[in-house]
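Just so it is clear, the model here is predicted, and its values are computed rather than measured. The analysis underlying the following values was restricted to heavy atoms, covering all of them including side chains, and did not include hydrogens, waters or symmetry mates.
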Amino acid sequence: MSVITRMAGLRTRAAVVAASTAVVAGLGVGVGATPASADVHRGVAGCFAWSWGDGNTSVTVYWRNRCGNKRKLYIKYSLGWTTKNYTAVVKAGSKGHKKFQTASIVSIRDGGRA
């Protein structure tokens, strides 16, 4: 096989690889494409039912006090290098939410009567 024939074969293969790469890359941006699904976390801590979804830049925690009295809710969250605490006092039967920027949730617990 001559050098010219070998180079032509390499150019053809490179063109096929480039074309197939462009087609595969275009699949993710087409009409009707769905984003990657985020995990939704749900649970119960004492009187509180809570949930949050994994976000790209923030996490919003939703809660509901299922008891008949005012309660404290403690949320521990991580900012990568440190952990912080958030406390909410929630009336009986009330709902609420809190948005945390660039954080991940470590734990949620019922702090008892307020």
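- Of the residues listed (Trp63, Tyr62, Tyr86), the one engaging His97 in a ring-ring contact (aromatic ring centres under 6.0 Å, His included) is Tyr62, and it is the only one.
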Kindly determine whether Phe48 and Asn65 satisfy side chain to side chain contact (heavy atoms under 4.5 Å, CB included), including the steps that lead there. CA-CA 5 Å; Phe48 291 100; Asn65 182 355; 3.8 Å; yes
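- Residue Ala92 comes nearest to Gly68 through the heavy atom pair CB-C, 3.4 Å, listed as atom of the first residue, atom of the second, then distance.
- For the pair Ile75 and Trp50, the minimum side-chain heavy-atom distance is 4.5 Å or more.
- At most 12 non-hydrogen atoms from other residues, nucleotides or ligands lie less than 6.0 angstrom from CG of Asn56.
- From Thr87, atom OG1 reaches atom NZ of Lys98 across 11.5 Å, with rounding to the nearest 0.5 Å.
- Hydrophobic cluster membership is shared by Trp81 and Tyr77, with clusters built from Ile, Leu, Val, Met, Phe, Trp and Tyr side chains linked at under 4.5 angstrom.
- When all heavy atoms of Arg109 and Ala45 are compared, the closest pair comes out as CA-CB, 3.9 Å.
- Cluster membership for Ile108 and Tyr74, using ILVMFWY side-chain heavy atoms within less than 4.5 angstrom, is not shared.
- Note that the OG atom of Ser58 and the CD atom of Gln101 stand 5.0 Å from one another [nearest 0.5 Å].
- We find the CG-CZ distance between Asn69 and Arg113 to be 4.0 Å, quoted to the nearest 0.5 Å.
- Put simply, the side chain of His41 reaches to within 4.5 Å of the side chain of Asp54, judged on heavy atoms.
- Grouping the Ile, Leu, Val, Met, Phe, Trp and Tyr side chains by contacts below 4.5 angstrom, directly or via other members, places Val59 with Leu79.
- Between Trp52 and Phe100 there is no side-chain heavy-atom pair separated by less than 4.5 Å.
- Under the side chain to side chain contact (heavy atoms under 4.5 Å, CB included) rule, Arg71 has a single partner from Val90, Val89, Asp110, which is Asp110.
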